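Working notes for the structure below.
Note on naming: letters A, B, ... go to the chains in the order of the sequence lines (proteins, then strands), and numbering restarts at 1 for each one. Remember, predicted model here, so these are calculated numbers, not experimental data.
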Amino acid sequence: MRRTKDGKGIQALAILFFLLVVAFIVLPLASLFIKMEWGGLQGYLSAPLVVDALRLSFLTSAVSTLIVVITGTPVAYVNARFEYPAKDAIDTMIDLPVVIPPAVAGLALLMAFGRRGVLGQHLNALGIDLAFTTMAVIMAQVFVSSPFFIRQARTSFEDVDRAYEHAARTLGASPLKTFMYVTVPIAMNGLVSGAILSWARALGEFGATIMFAGNFEGRTQTMPLAIYTAMQGDIDASILLSIILVAISFIVIVAVKMLTRRGLIIAQD
Amino acid sequence: MRRTKDGKGIQALAILFFLLVVAFIVLPLASLFIKMEWGGLQGYLSAPLVVDALRLSFLTSAVSTLIVVITGTPVAYVNARFEYPAKDAIDTMIDLPVVIPPAVAGLALLMAFGRRGVLGQHLNALGIDLAFTTMAVIMAQVFVSSPFFIRQARTSFEDVDRAYEHAARTLGASPLKTFMYVTVPIAMNGLVSGAILSWARALGEFGATIMFAGNFEGRTQTMPLAIYTAMQGDIDASILLSIILVAISFIVIVAVKMLTRRGLIIAQD
Amino acid sequence: MLRIRVTRALRDFTLDVDIESDNGTVVLMGNNGSGKTTVLNMVAGIARPDAGVIKVKEKTFFDSEAGIDVPIEDRNVGYVFQNYALFPHMSVYDNVAFGPRMRGAPPGEVEERVKHELEALGMWGLRDAKASRLSGGQKQKVALARCLAARPSLLLMDEPLSALDAETQAWTRSCIKQHIRDGHMPAIIVTHSLADAIELGDMVFIMDRGRVAASGRADEMLKNGSHTFINSFFR
Amino acid sequence: MLRIRVTRALRDFTLDVDIESDNGTVVLMGNNGSGKTTVLNMVAGIARPDAGVIKVKEKTFFDSEAGIDVPIEDRNVGYVFQNYALFPHMSVYDNVAFGPRMRGAPPGEVEERVKHELEALGMWGLRDAKASRLSGGQKQKVALARCLAARPSLLLMDEPLSALDAETQAWTRSCIKQHIRDGHMPAIIVTHSLADAIELGDMVFIMDRGRVAASGRADEMLKNGSHTFINSFFR
Amino acid sequence: GGPSATPAATPKADLTVFAAASLSGAFNETKAAYEASHPNVNIIYNFDGTQSLRTQVEQGAYADVFASASASHMNALKGEGYMNNSTVANFANNKLAVIVPKDNPAKIGSLHDLANPGVKIVMGTKDVPVGSYTLQILDKMANNSSYGPDYRSKVMANVISQETTVNYVVAKVALGEADAGFVYVSDVPAEYRDKVSVVAIPDSLNVVAVYPIGVLKESKHPEEAQKFIDFVRSDEGKAILAKYGFTPV
Ligand SMILES: Nc1ncnc2c1ncn2[C@@H]1O[C@H](COP(=O)(O)OP(=O)(O)OP(=O)(O)O)[C@@H](O)[C@H]1O
Ligand SMILES: Nc1ncnc2c1ncn2[C@@H]1O[C@H](COP(=O)(O)OP(=O)(O)OP(=O)(O)O)[C@@H](O)[C@H]1O
Ligand code: MOO
Ligand SMILES: [Mg+2]
Ligand SMILES: [Mg+2]
């Protein structure tokens with residue numbers, strides 16, 4: 001940014017806001033570290049409960065993000081490119097899981113897919129039980145996190161100039177290939193960013209999971225549930241678990257960003 | 001979409017995924033309605049507790065979204081346009097509140113801004129108490145919802161071709177005016193979309209709020225807190241409250257989308 | 001060989017053209033905004049006529065009455081877009097290789113074709129550059145190479161030489177001419193340059209506000225005085 | 001009046017030019033990719049030289065040794081970009097009005113100027129159209145109008161007539177000439193067209209791979225045979 | 001399948017136990033002890049607030065044993081036909097205490113001090129069991145001459161938050177953000193002794209929170225389920241509960 005008369009004030013304000021926001025977010029995170037009693041760390045890192053919960057958390061959130069990305073991408077694309085009746089309504093439905101308090105979301109999932117649920121009773125008759133399984137953890141995560149990916153993907157697809165898609169078609173690419181080789185790479189920046197947020201939301205998911213999947217060690221007890229359960233006896237333990245979760249997530253997200261930048265994101269010019 | 005040989009299969013698959021996702025999200029929402037006992041609706045809609053909670057929810061989420069948009073926009077812009085040391089780390093910090101289970105986020109806020117907090121103890125000495133106030137509700141919402149806006153805004157700013165900004169500058173626009181009249185309008189689609197998500201997340205926020213702001217009728221009891229409170233005694237009541245929250249949010253989001261499309265979003269071509 | 005009879009309501013006027021040509025290259029000329037690009041878009045399948053027929057050689061691309069609308073990728077047209085539409089995320093090489101790859105050419109042939117086209121236009125040295133990081137003229141050359149490397153059976157070119165320096169223009173014009181002759185390809189070329197029209201055109205159609213205002217064999221049309229539009233070149 | 005002595009490492013070669021002109025309009029010509037657009041960008045302040053000096057009239061825009069780098073908006077240049085860079089979210093009117101508004105012209109004058117420029121180029125009727133929904137030539141006309149409406153004190157034009165039909169080209173060329181004469185504006189015009197150079201140029205500089213390969217008074221330079229680049233126009 | 005006559009031949013039975021969150025410490029120890037002596041059984045816990053567990057059962061969750069932190073939720077399940085009613089019995093009592101941060105910023109030396117203006121008190125909502133017990137205690141105190149009739153309203157005026165789970169009460173006091181909180185005695189295990197001090201509530205003013213346990217009707221392992229309940233109520237089980245602050249019955 002070069003300096004101009006009003007530029008200086010504005011630049012200062014921008015920097016101030018920047019620092020404010022970063023401080024506001026970093027300070028609570030840092031406080032977790034500052035106020036922590038670090039005694040038990042070694043023990044926790046190898047405790048089977050923690051190892052199980054970590055494994056389960058990363059497994060389920062990876063699967064649910066995969067599901068969200070694979071099934072959400074067509075949804076985002078359709079909503080970005082096509083008009084159909086009640087599109088606004090359907091597009092908004094997809095956002096609604098964000099508004100519902102997670103425990104109610106879990107209850108809604110139970111009412112839909114539980115053994116006595118609207119759909120679940122029929123699945124149950126076929127011998128399929130979803131609730132209170134690892135599958136249910138994934139379903140809960142997909143439910144609460146999908147809006148974050150779909151919304152961002154939709155915007156990114158909308159911002160891809162159709163001229164590129166048309167050019168690809170004239171060069172012999174089918175709609176699918178056009179989508180894969182042209183639309184997706186150009187929108188990649190936004191897709192990765194949406195996937196990261198959606199994954200993070202899945203990883204942090206608690207309320208819907210404990211209601212719909214229960215709190216079973218090794219099967220449905222993800223890190224947030226382990227943190228909650230630990231809170232019952234020992235706040236320090238739950239904070240320590242939170243720090244472990246946050247630290248690992250931090251590393252994963254930074255790594256994804258660095259990898260993405262190297263390989264995928266198009267340079268702006 | 002015109003039809004081609006492989007196009008048909010793919011189109012069918014896309015439509016299938018689309019319907020699957022929509023069904024997966026709509027079915028649980030619908031189950032809430034289906035399984036609801038509608039008896040008390042009239043009474044609830046006018047109960048002071050519900051009216052208070054609704055008012056507080058919409059007030060605090062509006063304020064927190066405003067704060068997120070105003071302070072988050074410079075952050076997103078700086079991260080989109082400038083390089084600085086440890087940018088990846090800081091950018092990722094900003095995402096972390098999403099990963100932390102909300103109740104832990106509330107704990108972290110208490111540890112930072114509570115009267116014993118890292119910063120809060122000094123504020124307390126100055127006579128400023130933040131925890132357990134309406135301000136704390138807003139802070140909790142800002143903390144958990146800001147990543148959703150900032151991340152989307154950043155991507156949208158990145159996607160604005162600098163040529164437009166350069167053109168504006170040659171025409172005499174200062175960096176600030178360039179930003180306001182050129183960058184922001186071109187990125188508007190993504191900014192609105194990020195703001196909607198961020199607002200929705202703030203509206204649905206529960207865990208951080210009850211931890212940091214407490215649950216006090218009329219002052220900090222937002223709709224999600226009222227819903228959880230009701231849940232302890234009467235599940236039906238909490239479902240009914242959830243339906244009210246979801247229905248109103250639905251109307252608000254659809255309205256915002258329709259207004260935005262009319263006035264602001266640039267047409268794709 | 002080429003028959004375009006289409007109507008379509010545009011923002012400012014209705015496009016209503018009838019273009020028929022039996023041999024060689026059609027040159028479309030006309031004022032800015034007269035509808036030339038729109039005609040090319042319809043032939044390519046990117047814009048859809050409200051009604052009409054588009055036939056190339058024996059193939060019907062579009063026929064509103066018969067309900068025919070061949071998908072873009074099955075028309076096998078090569079299109080040099082007015083604004084190039086190079087894929088911004090790909091290198092020059094990958095842009096040019098896109099067509100052959102999509103049409104299933106074996107890897108060896110892909111490389112051969114890309115090299116041939118890029119070398120002809122002096123762009124082989126820049127094959128690894130990102131397409132978004134080129135000068136205006138370089139972009140246009142890549143757009144041309146991309147179009148030709150796909151070996152289309154119909155060429156659509158929207159002011160394909162407008163950003164080239166004089167020397168490259170002359171050379172590229174003769175390249176295009178040769179491609180058309182060798183491939184027995186019909187071609188529709190939009191240009192504002194008399195030199196292009198004289199060199200490349202067999203038939204010339206002059207458009208005005210969505211209609212064909214004049215048409216004829218190139219050599220006859222382009223004599224000074226045959227139409228006010230042509231006259232403007234000589235004022 | 002105009003002094004550009006700059007170096008900058010580009011991807012494929014180092015730009016190293018020295019352009020000095022005391023009177024009137026400078027025409028920059030040269031092969032594609034030789035660095036013409038880059039020079040304009042440096043004068044506008046969009047690209048930054050590694051080292052050098054840029055002076056226009058008495059004003060120093062850039063001086064690496066003195067540490068001077070005047071912000072883009074304070075240079076008051078009018079720039080017709082090679083790819084137009086029209087604001088896609090604005091109407092034609094708002095695009096053209098942007099400059100006057102930013103420079104604080106009173107509303108009445110804004111309208112007057114916009115109307116004047118758009119009418120001169122026959123685009124007043126399309127003032128409410130979105131800038132992204134225009135034909136290529138129409139966009140170029142809007143870019144010209146936008147540049148001129150800002151009343152700059154230096155004109156930078158990157159192939160400003162390349163997408164225009166012949167008639168509009170001739171007319172616009174004379175418009176530009178008049179603006180330059182009336183405003184006593186120095187101007188740098190990049191073109192591949194000999195007609196532009198002859199009509200508009202006082203001094204001609206021919207660039208080749210980042211260097212000035214030849215330069216001189218326009219009337220002298222443009223005689224057939226004075227430089228191989230110029231020769232190419234007549235082959 | 002049901003239990004077999006020859007336990008040695010049966011595969012390990014998975015026994016699913018839904019237990020109130022407040023039991024998680026004690027029950028995890030019970031599990032270790034029980035599995036050691038019953039190698040054919042594998043106990044699987046689902047810990048959550050009693051209300052959530054009840055909702056899950058009502059929505060079709062499978063469980064063999066239900067251990068509730070309140071009689072009312074257990075009674076509801078009995079009434080709805082989910083429990084094998086004859087197996088339901090109280091196995092533990094809990095009572096309430098007031099906790100204050102270790103450094104006791106509001107200088108609370110006795111229950112009287114809770115009525116001092118400006119004391120920041122947290123308690124459960126009236127619907128969460130710990131909250132309703134708190135209200136019962138305050139009623140008793142208001143009727144007690146040494147506290148006086150306006151004691152209850154003064155304390156209520158000091159409440160800054162009504163929590164939906166007792167965890168949040170403990171957390172806020174432990175962090176020093178609240179001056180006092182009403183919790184179960186069992187909520188103050190050894191880990192908390194360095195963070196909070198306990199102000200006991202005399203038995204005369206206290207309440208008895210009963211913890212019922214029972215076998216669900218649809219249990220596939222009713223015998224194992226009953227054996228587990230028997231173990232919880234055995235001397236060994238009682239010792240564990242007592243260690244965690246419960247009063248076994
Ligand atoms: N995206 C669009 N939306 C609406 N109208 C458009 C759009 N693009 C072009 N037009 C209008 O359609 C008409 C024909 O445009 P077209 O691009 O076909 O002209 P053209 O003959 O190619 O002009 P040029 O020589 O300037 O490229 C013009 O009036 C133009 O303003
Ligand atoms: N964004 C970019 N990043 C890197 N290199 C670039 C970029 N744009 C142009 N170049 C390179 O810089 C050199 C000069 O380009 P420039 O655009 O100045 O050429 P030009 O003389 O304007 O050409 P043309 O007549 O084709 O417009 C060329 O080699 C070109 O490939
Ligand atoms: O059901 Mo509990 O043990 O009161 O949280
Ligand atoms: Mg055109
Ligand atoms: Mg150029």
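- For the side-chain hydrogen bond (donor to acceptor under 3.5 Å, both in side chains) test, no residue two or more places apart in sequence or in another chain qualifies with B:Thr71.
- Not less than 6.0 angstrom separates the ring centroid of B:Phe17 from the ring centroid of A:Tyr77.
- Contacts of B:Arg116 with chain A are made by both backbone and side-chain atoms, with heavy-atom separations under 4.5 Å.
- Closest non-hydrogen pair, B:Pro101 versus A:Pro224, comes out as CG-CB, 3.7 Å.
- Residues A:Pro97 and B:Ile25 have side chains in contact (heavy-atom distance under 4.5 Å, counting atoms from C-beta outward).
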Checklist entry - Passes side chain to side chain contact (heavy atoms under 4.5 Å, CB included), A:Asp95 versus B:Phe250? Steps please. => result CA-CA 9 Å; A:Asp95 292 336; B:Phe250 180 84; over 6 Å; no

Next on the checklist: Set out, in order, the CA-CA distance, both residues' side-chain angles and the distance that settles side chain to side chain contact (heavy atoms under 4.5 Å, CB included) for B:Met111 and A:Leu29, then state yes or no.
Outcome noted: CA-CA 9 Å; B:Met111 289 172 160; A:Leu29 295 174; over 6 Å; no

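- Side-chain atoms of A:Met93 and B:Val22, non-hydrogen and from C-beta on, never get closer than 4.5 Å to each other.
- Pairing each heavy atom of B:Val254 with each of A:Ala89, the nearest pair is CG2-CA, 4.5 Å.
- When all heavy atoms are compared, the tightest approach of B:Leu109 to A:Pro28 is CD2-CG, 3.7 Å.
- Interface residue B:Ile70: backbone and side-chain heavy atoms are both found under 4.5 Å from chain A.
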Next on the checklist: If you apply the rule side chain to side chain contact (heavy atoms under 4.5 Å, CB included), what do you find for B:Ile196 with A:Thr92, and how did you get there?
Outcome noted: CA-CA 10 Å; B:Ile196 288 178; A:Thr92 302; over 6 Å; no

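- Within the 4.5 angstrom heavy-atom criterion, only side-chain atoms of A:Ile239, from C-beta onward, approach chain B.
- Both the backbone and the side chain of B:Leu27 have a heavy atom closer than 4.5 Å to some heavy atom of chain A.
- Residues that satisfy the side-chain hydrogen bond (donor to acceptor under 3.5 Å, both in side chains) test with A:Ser249, not counting sequence neighbours, are absent from this structure.
- The minimum heavy-atom distance between A:Arg201 and B:Phe148, with the atom names listed, is CD-CZ, 4.5 Å.
- For a residue to count as touching a neighbouring chain, one of its non-hydrogen atoms must lie under 4.5 Å from one of that chain's; by this rule A:Ile150 touches chain B with the side chain only.
- A donor-acceptor pair under 3.5 Å is formed between the side chain of B:Tyr228 and the backbone N or O of A:Ala103.
- Looking at A:Val246, both its backbone and its side chain come within 4.5 Å of chain B, counting heavy atoms on both sides.
- B:Ile90 touches chain A through its side chain: at least one heavy atom from C-beta onward sits under 4.5 Å away, while N, CA, C and O do not.
- In this structure, no portion of A:Met223 lies under 4.5 Å from any heavy atom of chain B.
- Atoms OG and CG, from B:Ser31 and A:Leu107 in turn, are 10.0 Å apart once rounded to the nearest 0.5 Å.
- With ring centers used as reference points, B:Phe24 lies under 6.0 Å from A:Phe113.
- Residue A:Val99 touches chain B through both its backbone and its side chain, counting heavy-atom pairs closer than 4.5 Å.
- Here the closest non-hydrogen pair linking A:Pro147 and B:Leu197 is O-CD1, 4.1 Å.
- Proximity to chain A (any heavy atom under 4.5 Å) is restricted, for B:Tyr84, to the side chain, taken from C-beta onward.
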Next on the checklist: Assess the residue pair B:Val21 and A:Ser146 against the criterion (side chain to side chain contact (heavy atoms under 4.5 Å, CB included)); give the C-alpha distance rounded to whole Å, side-chain angles, the decisive distance to 0.1 Å, and a yes or no.
Outcome noted: CA-CA 9 Å; B:Val21 170; A:Ser146 59; 5.5 Å; no

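- A side-chain N or O of A:Gln152 and one of B:Thr155 form a donor-acceptor pair less than 3.5 Å apart.
- For chain A, the nearby part of B:Ile227 is the side chain; its heavy atoms alone come within less than 4.5 Å.
- In this structure, chain B has a heavy atom under 4.5 Å from the side chain of A:Leu96, while its backbone stays farther away.
- Residue A:Leu20 does not touch chain B at all, counting heavy-atom pairs closer than 4.5 Å.
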